[in-house]
Colleague: 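To start, I am sharing the structure in question, which I have written as structure tokens.
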Amino acid sequence: MTHMTVFNTRIRRIARRALAALAAVACAMSLAACGADESGKIRIGIKFDQPGLGFKKSGTYVGFDVDVAKYVAKKLGYSEDEIVWKEAPSKQREAMLQNGDVDMILATYSITDERKNAVSFAGPYFVAGQDLLVRKDDHSINGPEDLNGKRLCSVTGSTSAATVKEKFASEVQLMEQPGYAECATALFSGIVDAVTTDDIILAGLASASRGKLRVVGQPFTQEYYGVGIKKGDTALAKKINAAIAEMIKDGSWERAIADNTEGTSYTPNAEYNPPKPTEGEK
Ligand code: GLU
């Protein structure tokens, strides 16, 4: 070894130690720098940008998914301050469960066979249907039969976008965004003619638009909302299903729906709701 290489190696070692010491100090000073303390807590994935379902509002979390999550968490032995809420965008849900970033996901998450290759579900705890959201003054779209030549927006990784590609690929232009709020913005500004996803999500967006947007009201799929969990955890699925059944039985489910759809003209499809939670038990 030459003098120069020995010197360089020593510099690198010193630099590495200094960096490690710095990281330790940063970690001691702020929890965020070394990961928040999540021990003894349950980490739940929800949407942060879907009014009425999962919505982050000045540091608090509100919506139907949040209410179901709190109820289930309580039955699993976690108080509200033992919940760590994490944003679970449509496209990232399977990976978040597979990586162990969250313990469960309640994020308007439809139970599908394809997703069951990667994760398991408990539930269902709600049944929605895919519908269309349009500008209030646009009367050219009154159902899925009017989509010829229209520009649609939906979300990457959602069943809604998949259904458009499967059923209407030849007649529509599909724009995909990371979330439905971005789609609503595109609808306001005239970049698209309609937003498509579950009716209950669209009802929340319409309500937040202060009369500028309306839901068409002709649902064309059934979306069974499940609680996403790690693949194969049948014991957890059983506990979650028991909690959901209890929530329906004691009236909390009905109340949560009423509270979170207040001010919208939305009512759940009574043919399918409330559902029987039997998913994931074997
Ligand atoms: N329920 C549908 C899905 O799981 C659409 C809503 C969403 O993207 O969260 O894909």
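Order of appearance sets the numbers: ligands from 1, and atoms from 1 within every ligand. We're numbering straight along the sequence, starting at 1.
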Colleague: Please could you name the atoms of ligand 1 that S158 approaches to less than 4.0 Å, counting only its heavy atoms?
Modeller: 8 (O), 10 (O)
Colleague: Using a 4.0 Å cutoff against the non-hydrogen atoms of T197, which atoms of ligand 1 qualify?
Modeller: 5 (C), 6 (C)
Colleague: Which residue pairs pass the side chain to side chain donor-acceptor pair (under 3.5 Å) test when at least one of the two sits in residues 235-249, sequence neighbours left out?
Modeller: N241-E281
Colleague: Under the side-chain hydrogen bond (donor to acceptor under 3.5 Å, both in side chains) test against Y266, which residue among N260, D199, T261 passes?
Modeller: D199
Colleague: Compare every heavy atom of T264 with every heavy atom of A203, then report the nearest pair and how far apart it is.
Modeller: O-CG2, 3.8 Å
Colleague: I201 heavy atoms, cut-off 4.0 Å: which ligand 1 atoms fall inside?
Modeller: 6 (C)
Colleague: Output the list of atoms in ligand 1 that are nearer than 4.0 Å to some heavy atom of K47, sorted by atom number.
Modeller: 7 (C), 8 (O), 9 (O)
Colleague: Among all the protein's non-hydrogen atoms, which is closest to atom 2 (C) of ligand 1, and how far away is it?
Modeller: T159 OG1, 3.1 Å
Colleague: Is there a side-chain contact between Y225 and P275 (heavy atoms, below 4.5 Å)?
Modeller: no
Colleague: Using the ring centroid of each side chain, check whether Y109 and Y224 are separated by less than 6.0 Å.
Modeller: no
Colleague: At a 4.0 Å threshold, what atoms of ligand 1 neighbour a non-hydrogen atom of T108?
Modeller: 1 (N), 2 (C), 3 (C), 4 (O), 6 (C), 7 (C), 9 (O)
Colleague: For ligand 1, which atoms, with element, lie under 4.0 Å from some heavy atom of R115?
Modeller: 3 (C), 4 (O), 10 (O)
Colleague: Between E94 and K231, is there a salt bridge with N-O shorter than 4.0 Å?
Modeller: no
Colleague: Of the backbone atoms (N, CA, C, O) and the side-chain heavy atoms from C-beta on, which set of R93 has a member under 4.0 Å from an atom of ligand 1: side chain, backbone, both, or neither?
Modeller: side chain
Colleague: Does Q50, backbone or side chain, put an N or O under 3.5 Å from an N or O of ligand 1?
Modeller: no
Colleague: Is it the case that one hydrophobic cluster holds both L213 and L147, taking links as side-chain heavy atoms less than 4.5 Å apart, direct or via other members?
Modeller: no
Colleague: Would you mind running through ligand 1 and noting each atom that sits below 4.0 Å from a heavy atom of Y225?
Modeller: 1 (N)
Colleague: For residues 121-138, run the donor-acceptor check on the side chains, cut-off 3.5 Å, and write out each pair with its distance to 0.1 Å, sequence neighbours left out.
Modeller:
| from | atom 1 | to | atom 2 | distance (Å) |
| --- | --- | --- | --- | --- |
| Y125 | OH | D65 | OD1 | 2.7 |
| Q130 | NE2 | S160 | O | 3.2 |
| Q130 | NE2 | T196 | OG1 | 2.9 |
| D131 | OD1 | G217 | N | 3.1 |
| D131 | OD1 | Q218 | N | 3.3 |
| D131 | OD2 | G217 | N | 3.1 |
| D131 | OD2 | Q218 | N | 3.2 |
| R135 | NH1 | L187 | O | 2.7 |
| R135 | NH1 | V192 | O | 3.0 |
| D138 | OD1 | S140 | N | 2.8 |
| D138 | OD1 | S140 | OG | 2.7 |

Colleague: Taking all atoms of both residues into account, what is the closest heavy-atom pair of V84 and K41, and its distance?
Modeller: CG2-CD, 3.6 Å
Colleague: Relative to the heavy atoms of A107, which atoms of ligand 1 are at a distance of less than 4.0 Å?
Modeller: 9 (O)
Colleague: State whether the shortest distance between N or O atoms of Y180 and N or O atoms of ligand 1 falls below 3.5 angstrom.
Modeller: yes
Colleague: Would you say S90 and ligand 1 have an N/O pair spaced under 3.5 Å apart?
Modeller: yes
Colleague: Below 4.0 Å from any atom of ligand 1, is there a heavy atom belonging to V155?
Modeller: no
